[in-house]
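Presented below is the structure to which this report refers.
Keep in mind that what you see is a predicted model, and the values were worked out from it rather than measured. This chain uses plain numbering: 1 for the first residue, then up along the sequence.
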Amino acid sequence: MDNNSVVSLNGNSHQSNSNAFDIYPLSCYYFGSTGSVTLKNEAVADRLLRLKSNYDASGMRNCVAAVIVVELFKHPHLLLLQEQNTIYKLPGGRLRPGESDIDCLKRKLSSKLSAGEDGRGPAWEVGECLGMWWRPNFEALLYPYLPPNIKRPKECTKLFLVKLPPSRRFVVPKRFRILAIPLCQLHDHEETYGPIVSAVPQLLSKFTFNFVEP
């Protein structure tokens, strides 16, 4: 792994192609941190037990996650949250009862990427659903499809493309880090980034990126 290709962040014309969208340089955005958050330091087995308990009480767990892309060195980079130096996640989380996918994702983006901003920044522009991942049973395995023999899956996660404005403040809880990682580094690295994040480059392959200069 080339350490120079991972950037730790603390501190013009539109094509006719409907799958084309603008992405802006990393330097257009401000990154900071505030406060703190209590992280669940639990093993995978403990998390699956918690999933089972929640499933028994409320049924299938529904989650959403954001795919957010910026430009650096003329290459698309994906914004990820990192915790405990080894866990990489797309921003997002679990739906509340009766909450829509879009409303949940906007709420989670505000709490995880605009902590303490109280909605003062630009509205989040949530685009199309890029894909869905399923957890058929109470186990760590995830699939980008629902196996035909599974009638009652335990978890579903939907990935949505989120388009950024030309500038924005990102303020994350202090114990998180926000990273910009090139798509070329994510592809085929499931052992490092997990099955969902490592699959994002393929999900984005249908898009044309317009690199917009500030």
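Both M60 and L146 are part of a single hydrophobic cluster, where members link through side-chain heavy atoms under 4.5 Å apart. Clustering ILVMFWY residues whenever any of their side-chain heavy atoms sit less than 4.5 angstrom apart, transitively, puts V197 in a cluster other than the one holding Y143. Taken together through direct or relayed side-chain contacts under 4.5 Å among Ile, Leu, Val, Met, Phe, Trp and Tyr, L90 and I87 form parts of separate hydrophobic clusters. Grouping the Ile, Leu, Val, Met, Phe, Trp and Tyr side chains by contacts below 4.5 angstrom, directly or via other members, places V200 apart from Y145.
Taking all atoms of both residues into account, the shortest heavy-atom contact from P76 to V69 is CB-CG1, 3.6 Å. Across all their heavy atoms, L26 and A180 have their closest contact at CD1-CB, 4.1 Å. When every heavy atom of L48 is checked against every heavy atom of A140, the shortest pair comes out as CD1-N, 3.8 Å. The minimum heavy-atom distance between F160 and G127, with the atom names listed, is CD2-O, 3.5 Å. Nearest heavy atoms, K158 versus C129: CB-SG, 4.2 Å. The minimum heavy-atom distance between I68 and L113, with the atom names listed, is CD1-CD1, 3.8 Å.
Surrounding CD of Q202 are at most 12 heavy atoms belonging to other residues, nucleotides or ligands under 6.0 Å away.
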Begin from the C-alpha positions of R107 and E99 and carry the test salt bridge (Lys or Arg N to Asp or Glu O under 4.0 Å) through to its verdict. CA-CA 10 Å; R107 174 174 60 84; E99 189 174 35; 2.8 Å; yes
Would you sort out whether I181 and H77 count as a side-chain contact (heavy atoms from CB on, under 4.5 Å), showing the intermediate values? CA-CA 5 Å; I181 302 185; H77 282 56; 5.7 Å; no
Please report the C-alpha distance between D188 and Y193 in whole Å, then the side-chain angles of each, then the deciding distance to 0.1 Å, and finally whether the side-chain contact (heavy atoms from CB on, under 4.5 Å) criterion is met. CA-CA 9 Å; D188 203 27; Y193 299 106; over 6 Å; no
Applying salt bridge (Lys or Arg N to Asp or Glu O under 4.0 Å) to K74 and E213, what does each step give before you reach the verdict? CA-CA 10 Å; K74 298 301 181 182; E213 295 295 332; 2.5 Å; yes
Step by step, work out the side-chain contact (heavy atoms from CB on, under 4.5 Å) result for I196 and L159. CA-CA 9 Å; I196 295 180; L159 274 61; 3.7 Å; yes
Could you go step by step and tell me if I150 and N137 meet the side-chain contact (heavy atoms from CB on, under 4.5 Å) rule? CA-CA 9 Å; I150 300 298; N137 299 298; 4.2 Å; yes
Residues K89, E83; criterion salt bridge (Lys or Arg N to Asp or Glu O under 4.0 Å); working and verdict: CA-CA 8 Å; K89 293 182 177 180; E83 53 181 306; 2.9 Å; yes
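The OH atom of Y88 sits 10.0 Å away from atom CG of L186, with the distance rounded to the nearest 0.5 Å. Atom-to-atom distance recorded for I23:CD1 and E71:CD is 6.5 Å, nearest 0.5 angstrom. Taken to the nearest 0.5 Å, the OG atom of S33 stands 12.0 Å off from the CZ atom of F176. Note that CE of M132 and CG of L130 are 12.5 Å apart. Values are rounded to the nearest 0.5 Å. Within the model, atoms CD of E128 and CG of L161 stand 6.5 Å from one another, a figure rounded to the nearest 0.5 Å. Rounding to the nearest 0.5 angstrom, the gap separating the CH2 atom in W133 from the OG1 atom in T157 is 10.0 Å.
At a threshold of 4.5 Å between non-hydrogen side-chain atoms, the residues Y30 and F170 do not count as touching. Within the 4.5 Å cutoff, the side chain of V171 has no heavy atoms near those of the S114 side chain. Between P136 and P147 the shortest side-chain heavy-atom distance falls below 4.5 Å. Side-chain atoms of P165 and P122, non-hydrogen and from C-beta on, do get closer than 4.5 Å to each other. Counting heavy atoms from C-beta on, the side chains of L204 and F209 come closer than 4.5 Å.
S100 and D103 form a side-chain donor-acceptor contact under 3.5 Å, judged by distance and modelled atom types alone.
Listed for the H75 side chain is a donor-acceptor partner under 3.5 Å among the backbone atoms of C184. Under a 3.5 Å cut-off, the side chain of S58 and the backbone N or O of Y55 do not form any donor-acceptor pair. In terms of modelled atom types and a separation under 3.5 Å, the side chain of K112 and the main chain of G92 share a donor-acceptor contact. Side chain of H187 to main chain of L183: no donor-acceptor pair is present (N/O by atom type, distance under 3.5 Å, no hydrogens or angles).
A centroid separation of less than 6.0 Å is found between the aromatic rings of F21 and F207. Ring to ring, Y24 and F211 are not that close: their centroids are 6.0 angstrom or more apart.
Of the options R50, K52, R135, a salt bridge (Lys or Arg N to Asp or Glu O under 4.0 Å) to E155 is made by R135 and by none of the others. Under the side chain to side chain contact (heavy atoms under 4.5 Å, CB included) test applied with P91, the options V162, L79, L109, L80 reduce to a single match, L109.
Within the cation-pi definition used here (under 6.0 Å to the ring centroid, within 45° of the axis), R168 qualifies as a partner of W124.
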